[in-house]
Structures are given as structure tokens and as C-alpha cells.
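One structure is given below, encoded as C-alpha cells.
Order of the sequence lines fixes the chain letters, A, B, ..., with proteins taken first and strands second; residue numbering starts at 1 for each chain. This structure is a prediction, so every number in the text was calculated from the model and none was measured.
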2 protein chains.
Amino acid sequence: MAKERKIDMVILGLLSHEDLTGYDIKKRIDGAISFFWKGSFGNIYPALKDMETQGLISKNDTSVGGRERITYKITEAGEKALNNWLKAEQVENELKYETLLKLFFGASERTEVSVHNIEVFEKQIQDDLKMLKVYYETLEKSLDNKDHVYYLLTVSFGIETYEAYLKWCNKAKKMLIDNLK
Amino acid sequence: MAKERKIDMVILGLLSHEDLTGYDIKKRIDGAISFFWKGSFGNIYPALKDMETQGLISKNDTSVGGRERITYKITEAGEKALNNWLKAEQVENELKYETLLKLFFGASERTEVSVHNIEVFEKQIQDDLKMLKVYYETLEKSLDNKDHVYYLLTVSFGIETYEAYLKWCNKAKKMLIDNLK
DNA sequence: TTTTTGATATATCTGTTTGATATATATTAG
DNA sequence: CTAATATATATCAAACAGATATATCAAAAA
């Protein structure tokens with residue numbers, strides 16, 4: 001058996017707040033969610049079709065003029081599926097860092113190459129961290145919205161881990177330079 | 001065009017140290033590498049076949065008795081490909097954490113469900129952290145081996161980020177309990 | 001005014017990866 | 001001696017990523 005399709009839960013979660021088109025869903029995922037979960041048209045559209053067949057969501061045509069526009073709404077069965085998933089013990093947490101892979105095999109090349117690779121990573125993280133801090137400040141001002149408390153927690157996860165990454169970058173560079181020259 | 005197949009580089013990296021069978025490669029990946037990169041028979045064996053055709057690795061039959069055993073060796077072209085990848089700027093770093101996904105949609109359920117989900121995550125991380133610390137202590141004793149310096153850096157990455165996760169777990173649980181009762 | 005760029009929107013295709021399963025041999029533990 | 005586990009190759013279905021195709025519409029630029 002193949003693993004359960006997780007994109008379904010992302011879609012249900014988003015639809016539990018508002019009716020959306022496939023395109024909207026992609027945009028939402030590309031926003032605040034993207035740092036811990038990704039989506040693509042290639043899995044969003046087939047998932048919408050399947051879930052409609054399963055009765056977890058319902059389709060309604062909101063086309064204007066010649067412009068096609070299919071909005072989806074979550075059904076009661078969909079809400080149930082979402083809550084069951086939220087309560088399920090099993091979770092799949094996965095890190096996939098090419099930077100660490102390169103570092104693992106770093107001894108095949110000159111030390112400077114690995115130091116440079118860490119710097120590339122460091123730059124990426126610094127940029128992403130700035131974005132997360134902007135999100136954080138915005139959310140902090142509207143914690144009366146219950147959803148925002150949860151959003152803030154995921155953003156705070158990002159900030160704390162990215163700060164840990166940056167600390168590691170410094171240690172790692174130092175260690176490479178000290179130990180290997 | 002599809003993205004380049006990364007498993008090729010994992011295989012080349014491993015073969016740059018020793019000759020291995022597909023099964024061996026799987027075992028190596030499941031070990032110290034698995035926390036930042038995964039592999040499966042379903043992509044290892046096809047990759048081995050392709051890379052042999054491309055001349056990046058060479059096959060030699062080391063079967064004993066009726067037991068099939070195909071060992072692969074890296075070629076000069078393979079070493080070149082590995083070093084080119086190590087020097088390439090572009091990297092793909094990706095976090096895929098279902099725990100954060102659940103937390104993001106946490107407002108759909110009772111606060112206790114999210115607190116429990118954080119505790120499940122916390123337990124997982126505590127266990128993994130113990131393993132990483134054992135790796136660390138073992139590696140620390142053999143830093144005369146140049147490779148081990150690099151291995152240690154990846155393990156240290158894991159330790160630092162997992163410790164940051166645990167700190168976040170406490171903060172997050174407290175925030176949920178304070179803000180939402 | 002016309003053109004072009006960019007955003008909206010659905011959909012599909014190829015290649016890659018995951019996870020499971022099938023098959024068979026060798027070794028170890030009870 | 002037998003059962004369970006480890007070794008080993010291989011393939012399949014489902015899921016996913018990334019790119020591309022197609023078309024509409026709004027806004028900005030020429």
C-alpha cells in the first residue's frame with residue numbers, strides 16, 4: 001500500500017476557512033505554509049477531483065464570462081476527515097537538506113568548497129529568517145484571532161530553528177578552517 | 001524538464017569510499033545519512049542501472065554460490081561528476097513537517113489535541129537526539145580521519161537543531177495553554 | 001490606441017521518489 | 001532441525017515535483 005496522500009489534508013485545512021479554487025490553494029500553500037510543506041498543480045488538481053468523488057469537498061462553478069472558475073467547498077464528511085487526521089498519532093516529519101549531503105561528502109573536495117557551501121546556505125537562511133520575522137510581527141498584532149495563535153507557533157518554530165542553523169554555520173566554518181588547514 | 005536526480009550523488013559519494021552493492025548502499029543511507037536524506041530500493045536500483053550505462057560507475061559480479069551479488073565501483077567520470085556537484089552553487093533544502101501542518105490547522109480542534117501533537121513530536125525528537133549524541137561521541141574520538149570531521153559537522157547540525165526544537169516545544173505548549181483556555 | 005506583460009485559472013505530462021511487495025539464498029538462534 | 005532474520009535484486013502503484021500548454025483578463029507601456 002502506498003502512503004496516504006497528505007496534500008488532501010492541506011486542501012481540507014484551507015477549505016475549512018474559505019472556499020477556494022485550485023489556483024487559490026496553490027497560492028495559499030506558496031505563502032506561509034511553504035516553509036514546512038509544499039504543493040504543486042500536479043498534485044492539487046488531481047486531489048481536488050478525487051476528493052470531490054469521495055464527497056469530502058463539493059464543486060461550485062463561479063465562472064465569470066468566458067473565464068473558468070471552479071470553487072470548492074468543504075463538506076461535513078470533509079470536516080470529519082480533517083479532524084480525524086488532526087487527532088491521529090502518526091506523523092511524517094522529514095528533513096531533506098542537500099547542503100548537509102554535500103557536507104557529508106565534503107572530504108572529496110578542498111576545504112574551501114565546503115566552507116563556501118556553508119556560506120551559500122547561511123545566506124539562504126538569513127533571507128528566509130527576515131521573511132519569517134516580518135510574518136511574526138504581523139501576526140503578533142492580531143492574536144485575538146484564534147487561528148493566528150497557531151500560525152504564530154509555526155512561524156516561531158521557523159525562527160528558532162533558523163537561528164540555530166546560523167549558530168551552527170559559524171561553528172562549522174570555524175571547525176573546518178581550524179581542523180583542516 | 002525534471003529536476004536532476006539527487007540519489008545519483010548519494011550513490012557516487014558512498015562509492016567514492018568503497019565498492020558496494022545496492023543493498024549495501026541502502027544500509028549506508030539508512031544509517032547516519034537518513035536524518036537529512038532518504039533512499040529506497042525503488043530509486044537506488046534504477047539509478048545504478050542508469051549510471052552504469054552513463055559510465056559513472058562500473059559493475060563487477062562478486063556472486064558467491066547461487067547468491068547474486070553485484071558490486072559497483074566509481075569510475076573517473078563518476079568522481080568528476082561528484083566533484084562538479086559538490087562545487088555547484090544550487091542546493092535544494094526542504095523541510096516537510098506534518099507536525100507543523102497539523103499545528104497550522106490546529107484551531108479546528110480542541111487545544112488539547114495540538115498540545116498532544118506537540119508532545120508526540122517532542123518524544124520523537126528526544127529519541128532521535130539521543131541517537132545523534134551517541135554518533136557524536138563515537139566520531140569525536142576519531143577525528144584523525146578527515147572524513148569524520150565532515151560527518152561530525154552533519155551530526156552537530158542535527159543536535160543543535162533538535163535542541164532548538166525541544167526549546168520550541170516548551171514555549172509552544174505554554175503558549176497554547178496560556179492563550180487558549 | 002494597440003500591444004505586451006503579468007496575473008488568474010485549469011489541466012496534463014514526464015520523471016522521480018516512496019513504500020510495499022515478490023522472490024530467493026544464506027546465516028543465526030533456539 | 002527448524003524458524004526467524006539478514007542478505008540481495010528487482011519491480012509496481014501511488015504520490016509528488018516541475019515544467020509546460022492553453023486561455024482569459026486587467027493593467028501598464030509603447
Side-chain angles (χ1 to χ4, degrees), chain A residues 1-11 14 19-31 33-34 36-54 57 59-72 90-98 101, chain B residues 1-11 19-31 33-34 36-54 57 59-72 90-96 98 101:
Chain A
M1 222 189 329
K3 63 179 170 183
E4 67 166 327
R5 195 171 48 185
K6 296 288 164 60
I7 192 70
D8 291 14
M9 297 307 137
V10 185
I11 294 173
L14 289 170
D19 295 358
L20 297 166
T21 65
Y23 186 80
D24 290 333
I25 290 168
K26 175 74 161 75
K27 272 194 297 178
R28 293 286 185 289
I29 297 175
D30 286 346
I33 293 178
S34 70
F36 56 85
W37 209 273
K38 303 229 165 24
S40 68
F41 292 130
N43 69 342
I44 292 170
Y45 282 109
L48 286 171
K49 219 175 244 177
D50 286 0
M51 291 166 78
E52 206 233 332
T53 311
Q54 290 165 46
I57 57 177
K59 197 199 266 200
N60 48 308
D61 194 318
T62 52
S63 296
V64 259
R67 177 68 149 283
E68 211 178 356
R69 206 184 130 84
I70 305 163
T71 315
Y72 290 91
Q90 208 208 304
V91 277
E92 178 206 310
N93 292 322
E94 195 194 312
L95 209 72
K96 208 171 164 182
Y97 276 18
E98 196 177 353
L101 199 56
Chain B
M1 223 188 327
K3 64 179 171 183
E4 66 167 329
R5 196 170 48 185
K6 296 287 162 60
I7 191 70
D8 291 14
M9 297 307 138
V10 185
I11 294 173
D19 295 357
L20 298 166
T21 66
Y23 187 80
D24 291 332
I25 289 168
K26 175 74 161 74
K27 272 194 298 178
R28 293 285 185 289
I29 296 175
D30 286 346
I33 293 178
S34 71
F36 56 84
W37 209 272
K38 304 232 164 19
S40 68
F41 293 131
N43 68 344
I44 292 169
Y45 282 108
L48 287 170
K49 218 174 244 178
D50 286 359
M51 290 165 78
E52 207 232 333
T53 311
Q54 290 165 45
I57 57 177
K59 197 199 266 198
N60 49 309
D61 193 319
T62 52
S63 297
V64 258
R67 176 69 149 283
E68 209 179 357
R69 206 185 129 85
I70 305 163
T71 314
Y72 290 91
Q90 210 209 302
V91 277
E92 180 205 310
N93 292 321
E94 196 194 313
L95 207 74
K96 207 171 164 181
E98 196 176 352
L101 200 55

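- The side chain of D24(B) lies closest to dA8(D), out of dA8(D), dC16(D), dT17(C).
- Spacing between atom CD1 of I70(A) and atom P of dT24(D) amounts to 15 Å, rounded to whole angstrom units.
- Side-chain contact check for I25(A) versus V10(A): every heavy-atom pair is 4.5 Å or farther apart.
- Closest approach of E98(B) and K6(A) over heavy atoms only: OE1-NZ, 3.0 Å.
- Atom CG in L95(B) sits 9.5 Å away from atom CD in E94(A) (nearest 0.5 Å).
- Distance from the side chain of E68(B) is smallest to dT9(D) among dT18(C), dA17(D), dT9(D).
- Residue L48(A) contributes atom CG, which lies 14 Å from atom P of dA9(C) at whole-angstrom precision.
- Look at CD on E94(B): it is 12 Å from P on dC16(D), rounded to the nearest Å.
- For N60(B), there are no side chain to side chain donor-acceptor pair (under 3.5 Å) partners, not counting sequence neighbours.
- D24(B) pairs by the salt bridge (charged side-chain N to carboxylate O under 4.0 Å, His left out) definition with nothing, not counting sequence neighbours.
- Look at NZ on K6(A): it is 11 Å from P on dA15(D), rounded to the nearest Å.
- Looking at residues 39-47 of chain A, you'll see F41(A), G42(A), Y45(A) sit with a heavy atom under 4.0 Å from some atom of DNA chain C.
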Would you be so kind as to tabulate the donor-acceptor pairs closer than 3.5 Å made by side chains of residues 65-72 of chain B, with sequence neighbours excluded?
residue, atom, partner, partner atom, Å
R69(B), NE, T62(B), OG1, 3.3
T71(B), OG1, T62(B), OG1, 2.7

Just the atom pairs and distances: protein N or O near nucleotides 3-7 of chain C's N or O, under 3.5 Å.
none

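- Nucleotide dG15(C) holds its C1' atom 12 Å from the CG atom of D8(B), rounded to whole Å.
- The separation between N60(A) atom CG and dT10(C) atom P is 11 Å, rounded to whole Å.
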**Request:** Go through the steps to decide whether I11(B) and L20(B) satisfy the test side-chain contact (heavy atoms from CB on, under 4.5 Å), and finish with yes or no.
**Result:** CA-CA 9 Å; I11(B) 294 173; L20(B) 298 166; over 6 Å; no
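- In this entry the distance linking CG of L20(A) with C1' of dA9(C) reads 13 Å, nearest Å.
- The side chain of K49(A) places an N or O atom within less than 4.0 Å of a non-bridging phosphate oxygen (OP1 or OP2) of dT12(C).
- A close approach under 4.0 Å does occur between a side-chain nitrogen or oxygen of T21(B) and OP1 or OP2 of dT9(D).
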Distance-only criterion, 3.5 Å: show the donor-acceptor pairs between side-chain atoms of residues 37-44 of chain B and protein atoms not counting sequence neighbours.
residue, atom, partner, partner atom, Å
K38(B), NZ, S34(B), O, 3.0
S40(B), OG, N43(B), OD1, 3.4
N43(B), OD1, S40(B), N, 3.0

**Message:** Go through it in stages, so that I can follow the logic: the residues are I29(A) and I7(A), the test is side-chain contact (heavy atoms from CB on, under 4.5 Å), and I'd like the CA-CA distance, side-chain angles, deciding distance and then a yes or no.
**Reply:** CA-CA 10 Å; I29(A) 297 175; I7(A) 192 70; 4.0 Å; yes
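- We find that CD1 of I11(B) is positioned 13 Å from P of dT16(C), with the value rounded to whole Å.
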